[in-house]
Every structure is written in C-alpha cells, then in structure tokens.
Amino acid sequence: MNILDFLSPGRARAIDGFHPVASSPLEQRLRDAGATFEERDGWLVATSVPHEAEHAAACGVADLSHLGKLEVRGAVDQPPGATIWYPITPERILCLCPPWTVHPMIDALSDQARLVLDQTGQLGVIALVGPEARTVLRRVSALDELPASGLVAHVAAHVLERQGTILVVFGQEVGHYLWEAIVDAAEPFGGGPVGVDLLGDAGRIE
C-alpha cells in the first residue's frame, strides 16, 4: 500500500451498512438540468439528460469526472490500458483511464515511476461532442491545437482530444463555474448537457 492511498476514491470500502459512492463536482448542475443518474463502478454518473439528442446535434456537454485520473512523475512509457497519456512536462504525465483500471494501473506504473498520485477526486472532466464542439472551445479559450494546457474560461485546465471528443480536465473546486461557462457558450448553437450513455465508447474511453 502507498502512503497516499487514502486520496484514492476507489479505496473506499463498505462497512457497517455504509455504502460509499463517489460523486462528481458537477452533480448539482446536472441535477438542475434534470439528469438521470446511475451508480457505476463506485460513482454516481449522469447517464441521460432531457433533450440531449438535440444538444449533441450541435455541442453536447457531458460530465466524465468518474474517469480515472493519475499524475505520473518520472520518465515512464505509456502502459497498456492508459487511454490518454498526456505529458505535461517530460517527467510529469497526466493519465486518464477507465475507473475500474485505476488501481491495476497504479500498481503497474509504480515499478517505473518516482510517484503515481491518484488525482481522480481532485480533478473533474467535462467532455464536448458534436460539430460545434471546437467552436464552443474557441469561445471559452484561446486553445486550438490539442492537446494543450492553458486557460479555459479564465480557469487553468488541460484540454485533450480522443475520437472527436474534447476533454477539459480541471480542478474540481471550479467545476460549477466552468460547467456554466461552457454550457452558456454552447446554448446559442442549440447545445447543452448530455449524459454519458449518449457518448458511447467516447464516454467510457475504453
């Protein structure tokens, strides 16, 4: 066991009738939008939202904060199962992976890395999908070449792309503000919130 294991949401265990379920910093905003939630892999996940098909036809905005998010320190090669492997610096890497692979991934990386820190509870992820996704991103940031690190709606974030889906990775404490800024930018195009099921494989990043 690592001395930092207490930071990892996936280490929580049921005891004495207590059933731990992790929730996103964006949960309340999605509840306000009328989202339907399901428990998946220890997380409360917004699976669908009213009018999401219409939103996705322009720019759907989804919450993928349940994805595993690891900060890897050291010169490490990308391991199998690391769906997104983004070198912030040559020796500081952001790894995104499906939530059920977080702890096997930590174990696999710990043999090579100086430090593997589970940032799943510290970071949130907003996904943008649809034909106007890049236009919405340009409206809230100066970023165009991806992946990149910079300001999104005046908030420090990492912006990545996979299978046509734009992922904005941010500190959970600014989640409500950033969600509102992105949704507000999407609304003039007919965009808005969507659930993870609408994203298919992009939402699972398997």
Side-chain angles (χ1 to χ4, degrees), residues 7-12 20-49 52 55-56 59-72 81-86 88 94-103 105-106 117-129 133 136-137 140-141 147 149 152-153 155-163 165-183 185-186 191-206:
L7 296 173
S8 183
R11 298 291 189 192
V21 180
S23 61
S24 162
L26 305 175
E27 178 188 347
Q28 188 56 53
R29 288 296 174 262
L30 281 152
R31 288 195 181 280
D32 294 343
T36 297
F37 288 83
E38 291 182 13
E39 182 182 337
R40 295 183 179 175
D41 303 304
W43 282 80
L44 198 61
V45 177
T47 56
S48 64
V49 181
E52 60 183 12
H55 295 161
C59 178
V61 186
D63 177 19
L64 297 187
S65 297
H66 62 288
L67 296 179
K69 298 171 284 290
L70 306 178
E71 182 175 328
V72 184
T83 310
I84 292 178
W85 188 256
Y86 172 49
I88 302 169
L94 176 64
C95 170
L96 269 61
C97 59
W100 59 90
T101 68
V102 167
H103 299 299
M105 186 72 63
I106 292 173
L117 183 61
D118 187 352
Q119 294 275 45
T120 303
Q122 170 61 23
L123 300 175
V125 181
I126 292 174
L128 287 74
V129 296
V136 170
L137 178 65
V140 295
S141 79
S149 297
V152 179
V155 170
H158 306 296
V159 184
L160 319 169
E161 188 170 21
R162 183 176 185 272
Q163 298 179 351
T165 299
I166 295 171
L167 304 176
V168 182
V169 185
F170 57 92
Q172 58 87 21
E173 66 276 5
V174 297
H176 281 201
Y177 163 74
L178 191 56
W179 176 267
E180 291 173 352
I182 292 174
V183 169
V194 302
V196 298
D197 285 356
L198 185 139
L199 273 61
D201 289 343
R204 293 187 288 269
I205 69 162
E206 293 176 342

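Note that this is a predicted model, so its numbers are computed, not measured.
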Do you know which two heavy atoms are closest between Leu44 and Glu39, and how far apart they sit? CD1-N, 4.3 Å
Side chain proximity check, Val152 to Val140, heavy atoms < 4.5 angstrom: yes
Closest approach of Val196 to Arg40 (non-hydrogen atoms, all atoms of both residues): CG2-NH1, 4.0 Å
Does any N or O in the side chain of Thr165 come within less than 3.5 Å of the main-chain N or O of Val129, such that one atom is a donor and the other an acceptor? no
Look up atom CG in Leu30 and atom CG in Asp63, then write down how far apart they are to the nearest 0.5 Å. 5.5 Å
Specify the closest pair of heavy atoms between Gly60 and Val194, including all atoms of both residues, with the distance to one decimal. CA-CG1, 3.7 Å
With rounding to the nearest 0.5 Å, note down the distance linking CG in Leu64 to CG in Leu199. 6.0 Å
Just verifying a value: how many Å separate Ser65 OG and Leu123 CG, rounded to the nearest 0.5 Å? 9.0 Å
Please check if the side chain of Glu52 supplies one atom and the backbone of Gly195 the other of a donor-acceptor pair under 3.5 Å. yes
Do the non-hydrogen side-chain atoms of Ser24 and His66 ever get within less than 4.5 Å of each other? no
Shortest non-hydrogen contact between Phe170 and Val125, atoms and distance: CE2-N, 3.6 Å
Can you tell if the side chain of Trp43 reaches within under 4.5 Å of the side chain of Thr120, non-hydrogen atoms only? yes
Check Phe37 against Ala46 and note the closest heavy-atom contact, atom names and distance. CD2-N, 3.7 Å
Kindly say whether Ala153 contributes a backbone atom to a donor-acceptor pair with the side chain of Tyr177 at under 3.5 angstrom? yes
Give, for atom CZ of Arg29 and atom CD of Glu180, the distance between the pair rounded to the nearest 0.5 Å. 4.0 Å
Rounded to the nearest 0.5 Å, what separates atom CD1 in Ile84 from atom CG in Leu96? 5.0 Å
Are Pro25 and Trp179 packed together at the side-chain level, in the sense that at least one heavy-atom pair is separated by less than 4.5 angstrom? no
Side-chain heavy-atom pair His158, Leu167 within 4.5 angstrom cut-off: no
Using every non-hydrogen atom in the two residues, find where Ala186 and Val136 come nearest and quote the distance to one decimal. CA-CG2, 3.8 Å
Interatomic distance, CG@Asp118 vs SG@Cys95, rounded to 0.5 Å, equals 10.5 Å
